[in-house]
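In what follows, a single structure is set out as structure tokens and then discussed.
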Amino acid sequence: MEAVVSLNSGSSSIKFALFTLGPDGPQHAAVGKLEGIGTAPHLVARDANEVILVDRGWDNGAALTHEALLHDLFAWAGDHLPDHDIVAAGHRVVHGGTEFFRPLCVDDALLAALDALCPLAPLHQPHNLAAIRAIRTLAPELPQVACFDTGFHHELPEVSTRFGLPRALHDKGIRRYGFHGLSYEYIARALREADPVLASGRVIAAHLGNGASLCAMRDGLSMDTAMGFTALDGLLMGTRCGTIDPGAVLHLQTQEGMTAPAVEALLYKQSGLLGVSGISSDMRALHMSDDPHAAEAIELFAWRAAREASALILSLGGIDGIVFTAGIGENDSVIRSAICERLAWLGIAIDAQANTRNAPVISMADSEIIVRVIPTDEERMIAIHTLAALVPAGDAS
Ligand code: AMP
């Protein structure tokens with residue numbers, strides 16, 4: 001049975017999914033996560049019925065690289081899913097810059113060009129590309145496809161791509177791109193199936209996970225987004241600061257004597273929920289804490305999300321619905337309700353019971369704005385794009 005593997009490779013984890021190719025599109029065969037890379041690696045994978053296929057760690061695994069662990073993952077798939085013939089690997093690649101937006105088959109030239117974009121996504125891009133390189137070594141003949149998180153925002157209206165910087169810098173690519181595009185594209189498709197009327201309207205999708213952003217969609221297309229040039233911008237995140245005054249960054253360097261790498265580490269890894277709470281980047285841990293700093297971090301998260309949402313409503317000229325997704329968006333009724341309370345002026349009325357159940361629709365029947373929860377599936381989007389990219393242009397029909 002032919003199958004495609006989707007990989008979403010980060011600094012300390014690799015999310016993956018194996019899809020078999022059926023007449024109704026890719027079907028889940030296995031989905032899993034390799035976590036704790038660099039410390040205590042752990043692999044868990046489940047089949048389509050949530051049955052655990054593998055749950056293992058590695059003794060003294062701290063020194064194991066992404067490449068070594070991918071080797072073990074492929075070896076496990078070969079042993080335990082022998083009737084699955086992997087015909088391609090698709091990857092989430094966070095930044096495509098100005099040049100790359102459609103999913104592309106990877107070759108040497110593309111890899112080199114994507115390497116050059118690593119400074120624009122230092123937390124993600126090097127790991128995305130490391131996974132591609134690791135698979136090239138393990139399976140040199142396997143076609144690989146790069147799917148860009150910036151791609152969905154490629155046709156943003158000009159006004160939402162620009163910073164107030166000199167034109168020459170915009171022309172060099174210092175502009176707003178937007179991220180989480182694979183997630184938003186999946187949400188746009190899923191919403192079209194679940195609620196075609198709302199999907200054709202004005203919707204704010206809220207991808208709230210360790211990384212967090214908002215996307216203003218009209219008729220399923222991105223009109224504006226909370227993230228800009230890098231995945232640092234916009235909302236407060238697990239360890240990333242979100243929008244701050246650029247003057248503060250200058251001050252850190254000129255007055256606090258911080259080097260550029262130290263500022264980068266501060267903004268990407270030590271800020272956000274972690275920095276404000278001083279406790280954790282994980283929302284569940286903050287809910288469990290009775291430290292007032294944890295409560296302050298949670299409040300800031302919700303306030304910033306509502307504030308950014310209000311700005312995006314302007315870009316849409318109004319709003320018909322909100323869709324929550326990703327770890328916090330799909331599971332955390334407290335945060336959803338805190339954000340919606342701050343947007344009550346729009347006429348949002350949340351159904352508390354439906355919200356607690358993480359129901360597909362969490363707004364009251366008479367709410368002026370429909371509020372939905374849709375689990376995202378970036379890996380499925382990667383598989384769909386990977387299959388499409390493999391079809392030679394002339395065979396597309
Ligand atoms: P993600 O990056 O999409 O995996 O989301 C990670 C974030 O989602 C972390 O802050 C988690 O604490 C949060 N999260 C995951 N599951 C839950 C849950 N059941 N309830 C509350 N937060 C959750």
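Values below: all heavy atoms of this structure, side chains included; hydrogens, waters and symmetry mates excluded. Order of listing sets the numbers, starting from 1, for every ligand and every atom in it. Along the sequence shown, the residues carry numbers beginning at 1.
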Point to revise | Ring centers of H154, Y177 separated by less than 6.0 Å | key: no
For the residue pair [X] and [Y], does the interplanar ring angle fall in the parallel (under 30°), tilted (30 to 60°) or perpendicular (over 60°) class?
{"X": "W76", "Y": "H80", "answer": "parallel"}
{"X": "H66", "Y": "H127", "answer": "parallel"}
{"X": "F19", "Y": "H28", "answer": "parallel"}

So, is [X] polar-close to ligand 1, with some N/O to N/O distance under 3.5 Å?
{"X": "G327", "value": "yes"}
{"X": "A326", "value": "no"}
{"X": "R284", "value": "yes"}
{"X": "I328", "value": "yes"}
{"X": "N210", "value": "yes"}

Practice item. Return the residue, atom name and 0.1 Å-rounded distance of the protein heavy atom closest to atom 19 (N) of ligand 1. Key: N331 CB, 3.3 Å
Check your understanding: Which of the listed options, H207, M237, K15, M283, holds the heavy atom that is closest to atom 10 (O) of ligand 1?
Key -> M283
Revision key, fill the gap. Nearest non-hydrogen contact to atom 11 (C) of ligand 1 from the set D282, T376, L208 belongs to D282
**Study point:** Residue pair G211 / M237: nearest heavy atoms and the distance that separates them
**Key:** CA-SD, 3.9 Å
Review point. L346 and I369: which non-hydrogen atoms are nearest, and at how many Å?
Key: O-CG1, 3.9 Å
**Study point:** Atom indices of ligand 1, in the order listed, that fall short of 4.0 Å to a heavy atom of G209
**Key:** 1 (P), 2 (O), 3 (O), 5 (O)
Review point. Side-chain contact, heavy-atom cut-off 4.5 Å: V323 with V373?
Key: no
